[in-house]
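Input: one structure, supplied below.
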Number of protein chains: 2
Amino acid sequence: MASLTDNGALSPMVRKLAAWAALSPEDERAILELPYTVRSFSPGGYIVRDGDKPQNSCVLLSGFAYRHKIVGDGGRQILSIHMKGDLVDLHNSLLHTADHNVQALSQVELACIPHEAVKELAFARPTVGVAMWYDTLVDASIHREWIANVGRRDGRTRTAHLLCEFGVRLETAGLGSTREYDMPMTQEQLSDCTGLTPVHMSRSLKALESEGLVRRTKRAVSIDDWGRLAEAGDFRPDYLHVTMPGIPLL
Amino acid sequence: MASLTDNGALSPMVRKLAAWAALSPEDERAILELPYTVRSFSPGGYIVRDGDKPQNSCVLLSGFAYRHKIVGDGGRQILSIHMKGDLVDLHNSLLHTADHNVQALSQVELACIPHEAVKELAFARPTVGVAMWYDTLVDASIHREWIANVGRRDGRTRTAHLLCEFGVRLETAGLGSTREYDMPMTQEQLSDCTGLTPVHMSRSLKALESEGLVRRTKRAVSIDDWGRLAEAGDFRPDYLHVTMPGIPLL
DNA sequence: CGACGTGTTGAAGGAGCTCAATCTAAGTGG
DNA sequence: CCACTTAGATTGAGCTCCTTCAACACGTCG
């Protein structure tokens, strides 16, 4: 009986993929036996730069990272936030040349796997392949929700939505709960997630706080009444495609 | 020597996937031999509804379709536009339950393939599988550009960007050129792509027209100076991951 | 012909931006 | 331990891009 608590460095990847498909013990072992090298980054360090041609797919082992694009007038748009277990760079490495940047948000540990090895595993073990494919589809689903968030919700709602998403994702990653979590992001970074200015992000957060929807202490967020925050953020978690018993569906 | 001009209904799918990976004649034949049923939709018809559990993956054979979400206050955000050859519904069908709507923009012909058959083919023929995976990654890449577009560009720039994207994609699909194309969308739909109001979309288009960047006659668009429009739209086509000799890289 | 969908135009209001000052907390060096 | 620096957060005031509301124009189709 292979144990899930195998202390291979890639176990966060196993945990993540196991959420998408029923992996056999052999599947899990095959993932853990992938060749990899570990790299670490300090906050702000570039993991991938727009235009790079990366040879590796990366799995986030610890810490947080974000993807972003810089537009013509110098503005930055954050495209997604990544945490432990996320396959950060399947996209870029399979697409040959990166069309956006990936940067460390906190201190980050990364396992880099040659993308040929990822491809081989995907096709040698269809269950693993389906799980990886599924993972990329969930990523795209989150992208779609973000398009709707920045396109059609006002500042306060966008902000609340983002806080809800973080709660659910951190809980599924085992890094917090929908009641309380730590998120090491500045308000400038939050504003770049939502297409707002830092000034307006500050005001939106204060508004949510003064309504009693969130409490903040440093970078920690407490949510006393999930239902009210979800309502304020027009948040329904279905687009995350997680089904955890602990997560209130509104 | 299998011919590419095989008149199987699924040839638009072959054409599309062949752009992403070097398919062998056997690969192409295997795609064309997928089981399918053809369905057609009138403009406005729902192909998939939020919450559905579709059993099929769909390929667009002719016409245009769009994905969209409705947010809490009733606003609509269009997430992507699809044209001949696009694998419209891999996402929804593999994710079990749809998190957005897919609707016909014009008269549409669709080939519906049981998603089990798609999955089997993907793993029986890794080259085809890689092409399909690649296709979903390009889809996600377009989503990321849209996040940046609605999040960090002003109305005029967003609009120009969208017109550029249509030009390139229609040209690669063989439905027009970057000099001139038809796009059967109302200004209300265009505004829902960009997170603007119909009124402001009208003004943005007029502005681009009065600057001589586009000419419009009904739903047809002419672009005399691609470089200037691309500049105005902050458009660089790399995120589309197409490499066609005909497309100016700015 | 009237009705309807679509696009255009004007005027007024507002959500969010810009600019700039102030405040706080956490270093850092002496 | 304190002065100094710096990154981040907050607040205010004025401005602008975009929205809202409403009227009107145009073409199509019953």
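Just so we're clear, the structure is a prediction, and the values are computed from it rather than from any experiment. Per chain, numbering begins at 1; letters A, B, ... match sequence-line order.
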Exercise for the section: Check whether any side-chain N or O of B/Arg156 sits under 4.0 Å from OP1 or OP2 of D/dT16, and answer yes or no. Expected result: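 So the side-chain polar atoms of B/Arg156 never come under 4.0 Å of the phosphate oxygens OP1 or OP2 of D/dT16.
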Exercise for the section: May I ask you to evaluate whether B/Arg203 reaches the phosphate of D/dT20, defined as a side-chain N or O under 4.0 Å from OP1 or OP2? Expected result: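 False: B/Arg203 side-chain N/O out of range (4.0 Å or more) of D/dT20 OP1/OP2.
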Handout entry: B/Met185 or A/His200, whichever maps to the more 5' nucleotide of DNA chain C
Key = B/Met185
Problem - Donor-acceptor pair between A/His200 and A/Ser202 side chains, under 3.5 angstrom - result: no
Practice task
Would you indicate, yes or no, if D/dT11 has its OP1 or OP2 atom less than 4.0 angstrom from a side-chain nitrogen or oxygen of A/Lys206?
Solution key: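 It does, given that an N or O in the side chain of A/Lys206 lies less than 4.0 Å from OP1 or OP2 of D/dT11.
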Problem - Atom-to-atom span, CE of B/Met201 to C1' of D/dC17 - whole angstrom - result: 15 Å
Exercise for the section: Look at A/Lys218 and C/dA26 and indicate whether a side-chain polar atom (N or O) is within less than 4.0 Å of OP1 or OP2. Expected result: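 Affirmative; the distance criterion is met.
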Problem - Side chain proximity check, A/Val214 to A/Leu229, heavy atoms < 4.5 angstrom - result: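 Heavy-atom side-chain distance check passes, below 4.5 Å.
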Practice task
Ignoring backbone atoms, establish whether B/Ser202 has a side-chain N or O less than 4.0 Å from OP1 or OP2 of C/dT8.
Solution key: yes
Exercise for the section: Mind checking A/Leu196 for me? I need base, sugar-phosphate or nothing, with any heavy atom below 4.0 Å counting as a touch. Expected result: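 Counting heavy atoms under 4.0 Å across all strands, the contact made by A/Leu196 is with sugar-phosphate only.
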Exercise for the section: Would you classify A/Arg158 as touching base, sugar-phosphate or nothing, given that sugar-phosphate means primed atoms plus P, OP1 and OP2, and contacts are heavy atoms under 4.0 Å? Expected result: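 The residue A/Arg158 makes no contact with any strand.
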Handout entry: Phosphate OP1/OP2 of D/dG8 contacted by A/Gln189 side-chain N/O (<4.0 Å)
Key =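 So the side chain of A/Gln189 is outside the cut-off, no N or O lying under 4.0 Å from OP1 or OP2 of D/dG8.
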Handout entry: Spacing between B/Leu190 atom CG and C/dG7 atom P, to the nearest angstrom
Key =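 It is 8 Å, rounded to the nearest whole Å.
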Problem - A/Glu145 versus A/Tyr239, side-chain donor and acceptor atoms under 3.5 Å - result: no
Practice task
Find the distance A/Gln187:CD to D/dT11:P and express it as a whole number of Å.
Solution key: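 These atoms are roughly 10 Å apart.
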Practice task
Report yes or no: do B/Arg67 and B/His100 form a side-chain donor-acceptor pair below 3.5 Å?
Solution key: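 Short answer, yes.
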Problem - Given C/dT8, D/dA9, C/dT18, the nucleotide with the shortest approach to the side chain of A/Val199 - result: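 The listed nucleotide nearest to A/Val199's side chain is C/dT18.
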Handout entry: A/Ser141 (side chain) donor-acceptor with A/Leu137 (main chain) under 3.5 angstrom
Key = no
Exercise for the section: Figure out the CZ/P separation between B/Arg219 and C/dT6, and round it to whole Å. Expected result: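 Those two atoms, CZ and P, are 7 Å apart.
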Handout entry: Upstream residue (5' side of DNA chain D) when A/Glu188 and A/Arg152 are each assigned their closest nucleotide
Key = A/Glu188
Practice task
Would you mind reading off the distance between A/Arg153 atom CZ and C/dA15 atom C1', rounded to a whole angstrom?
Solution key: 17 Å
Exercise for the section: Would you tell me if any nitrogen or oxygen in the side chain of A/Thr197 comes within less than 4.0 Å of OP1 or OP2 on C/dG16? Expected result: no
Exercise for the section: Report yes if a side-chain nitrogen or oxygen of B/Arg216 is closer than 4.0 Å to either non-bridging phosphate oxygen (OP1 or OP2) of C/dT6; otherwise report no. Expected result: no
Handout entry: Distance in angstrom units between A/Asp154 CG and D/dT20 P, rounded
Key =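 From A/Asp154 CG to D/dT20 P: 11 Å.
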Practice task
Under 4.0 Å between any heavy atoms, over every strand shown, what does B/Gly195 touch: base, sugar-phosphate, or nothing? Just pick one.
Solution key: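 Sugar-phosphate contact only.
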